[in-house]
> 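My questions will all concern the structure given below.
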Amino acid sequence: MSDDAVDVGEYEDVWVFVEEHGGEVMPVSWELLAEAAKLTETTGDDLVALAIGEGLETVADEALARGADRVLVADDPVFEPYRADPYGEQFRAMVEERKPSIVLIGGTHTGRDFAGRVAVPAHAGLTADVTELDVDDEGILQARRPAFGGDVLATILCEEHRPQMATIRPGVFEAAAPDPERVADGDVVSVDVVVDEADAISEVLEREVGDTADITEAERIVAVGRGVEGDLEPARRLAEALDAELAASRAAVDEGWVDGARQVGQTGKTVRPDLYVAVGISGAIQHVEGMNKSGTVVAINDDPNAPIFEHADYGIVGDLFEVCPALADRLEGEPIQEVTG
Amino acid sequence: MTWTIAVGVKQVPDADEVGIDPDTGRLDRASAPAVMNGPDRHALEAALTIRDQVGGEVIAMTMGPPNATSVLEEAVAMGSDDAVLISDRAFAGSDTWPTSLTLARAAEALEADVVVCGEETTDSSTGQVPPGIAAHNGWAQLTYAEAVDARPEEGRLAARRDVEGGYELVAAELPVVVAVAFGEFDPRPAPLHRKIYGENDFEPTVWDAEALGIEDEVGLDVSPTSVGRMETVDPVERKGEVVDEVDGLLEPIAEVRA
Ligand SMILES: Cc1cc2nc3c(=O)[nH]c(=O)nc-3n(C[C@H](O)[C@H](O)[C@H](O)COP(=O)(O)OP(=O)(O)OC[C@H]3O[C@@H](n4cnc5c(N)ncnc54)[C@H](O)[C@@H]3O)c2cc1C
Ligand SMILES: Cc1cc2nc3c(=O)[nH]c(=O)nc-3n(C[C@H](O)[C@H](O)[C@H](O)COP(=O)(O)OP(=O)(O)OC[C@H]3O[C@@H](n4cnc5c(N)ncnc54)[C@H](O)[C@@H]3O)c2cc1C
């Protein structure tokens, strides 16, 4: 046991970070709250939500409605907009004072940005990008996460240090519906704000939040890849004919064709629609990892050797600029058109 | 004033070459050739971009076994001025806590103004090392950086950060740790003369844990996390049917929508 190992018995409660930006809560926060409720059923701990920001009354009430026993709020203008240093410092102070056993944070860019600023000074274990969670009789979190691009599922343990922290991949767990009746039974605790603007080492000069679409709940998805070469029209039409959400590979997002909120994969969202149509996507392992919980997978690609066909139930080898419109036509009840394939 | 820009580069098994061991049926990572983590090329490009903006020195650093020298040679070929191999048996079993401590101490020893890292690695892909370096040193950080803008007159570096559904422009005081969004910096090709220099004449500086004064703060013992079971993930079973015409898709689609 190392010097920094702690008396694990002193630590209790399961904490869930509620990530909000300007009053808008990231859906992963509610997914975590629902999943953490299962953990506290086993451990008997309280389920505590934690929110950092400015003007958090509504957010705090919603956290209670969604299952928290208690909400800790650090409410101050210094936290809006988000910055790693004030968030990390505040979160760390709360952890060190209140000693939670488990701390779950959404694996968004924000969550993954500041989690280390809590875990490092607290000498806490921090497991990245978890997709399966469990807790044993001794309260040890069994955090499972994909590694090696998704080839391996590793169980990461943190036995001698506390808290046991983890960032959780968005879209993997299902959010629980809010129950307004719960609000009256819960506590909202306002905590001391320990950070001061004068100590900040970073400054947000501009911030633009655009498309914050939540593709994780979509029943049908049409996803585009580099193969669409910047022309989203065929895929958009197909999506309309299927009443589907548009999503994308990382390549299509990096090219700037589709907003990052719609990215599927290891560094994007995990989706589980009934139907997933991959259009001009090669099927890299980092992409497949985010879509392999889908029901039926259809691939449209002009390369018969593209790996995506191994991850699809139905494939059609052909030019997406012909296949997509033809399929849309048929779905809209148009007569058959010639398609080369 | 010019800047010292340290870049973290990690050696990883070549993701495209990881095969299945015919005897055990398990993934065989040991026989895959070791290469530079792909996202670290983008980090190097960002570091060279910053050097182009302010002048100074780019120094590649890797923590790994002695043969990780090859990724440093590659970094030097791409344009790094110098490189450091941080190698010690004591590092075995390190999770991201001691790994980021080691790189944090190395960055201090190099008197780095900026540390540039990749978004995450292709092996354990935690993305936790860059914020960890910043946290150990109490430095600022700019993760998911898509563009960098050195502002020496302000003593700051600004970056355009990719945030969910948008972007932000953030300026941070030096010293700062930057983690570069994968795919946003097109790595420049290494000129032939640099490749030859890197492979034949270049020798990295070598540091062990003691040189950084952290011999009691690394390895398995100080790592809060440990890797328990590792299971190979079976691919999801799919029908794999290829249809010749779009009409072949209508029925399966109709079934899903029913
Ligand atoms: C650390 C890390 C994390 C990553 N995370 C993710 C992630 O979260 N999500 C993700 O998607 N990727 C991720 N990637 C990137 C991933 O490795 C691939 O590079 C990416 O998925 C490729 O995108 P693509 O399939 O759109 O493009 P490509 O691989 O370029 O494929 C384009 C496909 O389109 C086909 N095509 C071209 N023209 C046509 C046409 N006219 N008609 C039909 N088909 C056509 C081609 O045959 C090809 O198969 C990650 C990589 C790393 C290293
Ligand atoms: C299957 C598996 C799962 C793991 N899960 C966890 C976990 O959840 N939590 C945890 O704390 N540890 C974990 N570890 C341990 C972790 O892999 C090591 O600490 C590793 O050395 C650093 O993490 P990374 O590769 O994820 O780096 P990342 O944080 O993904 O790397 C980001 C960037 O930091 C720089 N960098 C990272 N490592 C080095 C290096 N050695 N030298 C130079 N630059 C570097 C590079 O620029 C890189 O692009 C795991 C290990 C395995 C085998």
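Only a predicted model underlies this, so the values are computations on that prediction, with no experimental measurement involved. Each chain gets a letter, A, B and so on, in the order the sequences are listed, and its residues count up from 1.
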> Measure distances from A:Ala115 to the heavy atoms of chain B and classify the residue's part below 4.5 Å as side chain, backbone, both or neither.
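Nothing of A:Ala115, per the 4.5 Å heavy-atom cut-off to chain B.
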> What is the distance from atom CZ of B:Arg161 to atom CZ of A:Arg207, rounded to the nearest 0.5 Å?
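One finds 8.0 Å between CZ of B:Arg161 and CZ of A:Arg207.
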> For the backbone of B:Arg238 and the side chain of A:Asp313, can you confirm whether one donor and one acceptor N or O come within less than 3.5 Å of each other?
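Checking the backbone N and O of B:Arg238 against the side chain of A:Asp313, no donor-acceptor pair under 3.5 Å is found.
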> Quick check against the 3.5 Å criterion: does B:Gln141 have a side-chain atom that pairs as donor or acceptor with the backbone of A:Asp113?
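Answer holds: yes.
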> For A:Val298, is it the side chain, the backbone, both or neither that has a heavy atom under 4.5 Å from a heavy atom of chain B?
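Contact with chain B is through the side chain of A:Val298 alone.
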> Considering only heavy atoms from C-beta outward, does the side chain of A:His123 approach that of B:Pro224 to under 4.5 Å?
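Sidechains of B:Pro224 and A:His123: in contact.
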> Surrounding CD of B:Glu154 (heavy atoms of other residues, nucleotides or ligands, distance under 6.0 Å), is the total greater than 12?
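Atom CD in B:Glu154 is crowded, with more than 12 foreign heavy atoms closer than 6.0 Å.
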> Are the side chains of A:Glu203 and B:Glu173 in touch, meaning some heavy atoms are under 4.5 Å apart?
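When only atoms from C-beta onward are counted, B:Glu173 and A:Glu203 do not touch, as no gap falls below 4.5 Å.
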> Is there a side-chain contact between B:Val242 and A:Ile316 in this structure, where contact means two heavy atoms from C-beta onward sitting under 4.5 Å apart?
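Not touching, per the 4.5 Å side-chain cut-off.
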> Would you say the side chain of A:Asp151 lies within less than 4.5 Å of the side chain of B:Thr232, judging by non-hydrogen atoms?
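No - every pair of side-chain heavy atoms lies 4.5 Å or more apart.
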> Where does A:Arg92 contact chain B at under 4.5 Å (heavy atoms): side chain, backbone, both or neither?
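For A:Arg92, there is no contact with chain B at all, as no heavy atom is under 4.5 Å.
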> So for A:Asp85, is it side chain, backbone, both, or neither that comes closer than 4.5 Å to the heavy atoms of chain B?
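Contact with chain B: none, neither part.
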> Between B:Gly228, B:Ala135, B:Ser226, B:Gly240, which has the largest tally of heavy atom pairs under 4.5 Å with chain A?
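Looking at each option in turn, the highest pair count goes to B:Ser226.
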> I need the single residue from A:Val120, A:Leu126, A:Asp129 that forms a side chain to side chain contact (heavy atoms under 4.5 Å, CB included) with B:Gln128. Which is it?
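The side chain to side chain contact (heavy atoms under 4.5 Å, CB included) with B:Gln128 is passed solely by A:Leu126 among A:Val120, A:Leu126, A:Asp129.
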> Taking side chain as everything from C-beta outward and backbone as N, CA, C, O, which of these in A:Met165 sits under 4.5 Å from a heavy atom of chain B? Side chain, backbone, both or neither.
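Neither part; nothing is under 4.5 Å.
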> Give a yes or no answer on whether the side chain of A:Arg250 reaches the backbone of B:Phe182 with a donor-acceptor pair at less than 3.5 Å.
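Such a contact is found between A:Arg250 side chain and B:Phe182 backbone.
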